[in-house]
Amino acid sequence: MSTELITGAEALMRSLIEEGVDTMFGYPGGAIMPVYDALHDHHDTIRHVLVRHEQGATHAAQGYARVSGKTGVCLVTSGPAATNAITGIADAMIDSTPMVVIIGQVGAALLGTDAFQETDVIGITQPITKWSYQIRKPEEIPWAISRAFYIAREGRPGPVVIDFAKNAQIQKFEYKYEKCNFIRSFIPTPAIEPQAIEDAAALINSAKKPFALVGQGVILGSAEKELAAFLEKANIPAGWTLLGSSALPTEHPLNKGMLGMHGNLAPNLKTNECDVLIAIGMRFDDRVTSDLSTYAKQCKIVHFDIDPAEINKNVKADVAVLGNAKETLALVTEKLNATTHTEWIASFEELNKIEAEKVIIPELQPKGTDITMGEVIRKISELTENKAVVVTDVGQNQMMAARYFNYTQSRSMVTSGGLGTMGFGLPAAIGAKIGAPERTVCMFAGDGGMQMTIQELGTIMQEKTGVKMIILNNHFLGMVRQWQELFFSERYSETHMVNPDFIMIAKAYGIKGQLVSNREDLDAAIAEMLSDDEAYLLEVNVETKGMVYPMVPTGASISNMIMGDK
Amino acid sequence: MELYTLIIFSENHPGLLSQVSNIFTRRQMNIETLTVSASSIEGIHKFTLTTYSTADSIAKVVKQIEKRVEVVKAFSYTDDEIIYQEVALYKVPTDALLDYPDLEQLVRKYNAQLLEMTRQFAVLQLTGHSEETQAFFEALKPFGVMQFVRSGRIAITKSSSEILSKFLQERMAKQ
Ligand SMILES: Cc1ncc(C[n+]2csc(CCOP(=O)(O)OP(=O)(O)O)c2C)c(N)n1
């Protein structure tokens, strides 16, 4: 390829195109204007989604990445825009979402002078990124951008920040692009050790009561088929983490439900009864394990992960299987004995019955007149033929969506797990719809979280993004209220919310919607929401003091789930 | 708690030091000493640092450090696995030194070196383990030490194979 002199801004555009970028989420400003100017010549190849707040850009890029498997891209200016993007960057880091965030920066000559809208982006973002790099000279652009995408995507994915000094956007240089496929100091996927495969298979073959824990690593590694084959060959029941949801279809006979604080009863209790625990692409987060001193003490542990730093971090593994789960699971499966574990699997049923009776049936078929969150979610699941992408905000709505939506295909649940970011839902849903336009995207949020990023309705209006938004309005910061009820003597300090007319707000943005307060109206309203491909806001007044059960109280053993008394 | 020496090899890019120190800060661990220098391999930087920790948590810290994209390799060692050294400088008033009857004995005992001497002060140097440089500091205290500084630890491993060079060779072969 011949070289030519072009500006840094134009070079960025061409580099992004080289990396296959066709969509980005952003917001312009002084220190990134040359890039926006260059973008103006590339609108036919790159779709830019103008958000209403830079936090929205990051969450939208996350939603896009999570449903599509591609790297999400953000473009924002320096200073306040950079700091607005921080929440999404931190969220992508803890939830392993591939994302490249390009942030404008003052010119190199002004760096360190407290110039207008200068902020120490590298200093701020280093601890919450997989890599961050400041481009000071245009010559660094191809190198830095190709590395950024390589690092964000390969191995355990994560966010990369490019701090792009303005002079480097303007200056011209001889542009030549070369894709990065090797960095000597970075081993994205550790080599598979044959001995580990042997040991894992032997241990699993020896198990009478094996139990698998499925994490997002399965989805990130596109190992869903390998997971099913692995579980099916030896009949291993499995539970999943919040981020592992949809890796295994809900109705799969070996799917025993969600793990952790608001997970299902059986998978939590069985974790402490199994003889071999098989963790796959999950990191033993404290919301899953709760009290570590009483967690999985009776069993041997096999841990599959791509990230060596996760091995023995929270829970000690007897066998560590490093590598991409897609390969390692397949290798171990070859060596597994076909077994049935009939009795062990049947033993989950008893606990399922208890949970159904005490929690699930009262939630899904409530006796009272108040609508519950669970029934709304299950109805929408059914009316979308269990095929929708679910995006959630944070709180009770999130736990209920994870518990009561039925997943039939992978990459169908987008939620902020590790950071628990309220305000994630709406922008993430926009990104999800843009990343999977052929799918129905249903976003569930509480009245609190919805208002944290409600301005993104403007993005929906401008981009005509057909997101189905469901506000589960309990007029409270529900999850906090639940803790106040349980652990703070029902002292509801600052959790009651006086809310605006959400439907009127939607209307102002040209978005259809309706408010439902009676159960009789729910089906018709959902049907109307799903009747076309346009954005829709469905607000449902749900019981004000609903509770998410079962629950492992903070610090308790997962064996001690409380069931509530509905 | 035991003293561990970490030897970290990284690319020579800006910002590596704060990435490494962040990992300690997050875990409320103190870095006792720190030396940053070039390594024997061109373009590879070397951090030698010491910290009090346990075998369990030092292993986790090493993995977190290695996880940083531009860190090539990180190793932790206990004192018996390395040859290590520190250097200390002492500034003492010349008068006090000259008035001391057993000066010769003192210098001989510690094997200290005299680097500079003016009418006002003398600068002594001692290399050794920190207990040794500390002991010399204690011995000089009666003279009224004006300044005292000790470098971070530097260390060389006792192992017979050079893991880093091998690792880099293997990596480059993969390219
Ligand atoms: C940015 C942010 N601020 C605060 C919290 C703490 N928090 C967790 S859940 C919750 C309540 C959420 O209320 P709402 O959005 O109404 O949803 P609900 O729980 O009622 O479904 C709060 C305040 C958080 N997770 N994120």
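To find a chain, count down the sequence lines: A is the first, B the second, and so on, and within it residues start at 1. Just so you know, these numbers come straight off a predicted model, no measurement behind them.
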Pairing residues for A:A296 by the side chain to side chain contact (heavy atoms under 4.5 Å, CB included) criterion, not counting sequence neighbours: A:T271, A:N272, A:L277, A:C299, A:I301
Take atom CG in B:L115; do more than 12 heavy atoms of anything else shown fall under 6.0 Å from it? yes
Measure A:I151 against the heavy atoms of chain B and call it side chain, backbone, both or neither at under 4.5 Å. side chain
Pairs of heavy atoms under 4.5 Å with chain A: top-ranked of B:L168, B:V72, B:V69: B:V69
Residues 120-154 of chain B: residues contacting chain A (heavy atom under 4.5 Å, by number): none
Give me a line-by-line list of donor-acceptor atom pairs from chain B to chain A that are under 3.5 Å apart, or tell me none exist.
unit_1, atom_1, unit_2, atom_2, d
B:E11, OE1, A:R184, NH2, 3.1
B:E11, OE2, A:R184, NE, 2.7
B:G15, O, A:Q126, NE2, 3.4
B:S18, OG, A:Q126, OE1, 2.9
B:D56, OD1, A:K316, NZ, 2.9
B:K60, NZ, A:K313, O, 2.8
B:K63, NZ, A:P308, O, 3.0
B:K63, NZ, A:I311, O, 2.8
B:K67, NZ, A:D307, OD2, 2.6
B:R68, NH1, A:T129, O, 3.2
B:R68, NH2, A:Q126, O, 3.2
B:R68, NH2, A:T129, O, 3.1
B:V69, O, A:S185, OG, 2.6
B:E70, OE1, A:W131, NE1, 3.4
B:E70, OE2, A:W131, NE1, 2.9
B:R171, NE, A:R184, O, 3.1
B:R171, NH2, A:I183, O, 3.0
B:R171, NH2, A:F186, O, 3.0

Contacting moiety of B:F167, where chain A heavy atoms sit under 4.5 Å: side chain
side-chain hydrogen bond (donor to acceptor under 3.5 Å, both in side chains) involving B:R119 - partner list, sequence neighbours excluded: none
Under a 4.5 Å heavy-atom cut-off, does chain B meet the side chain of A:F186, its backbone, both or neither? both
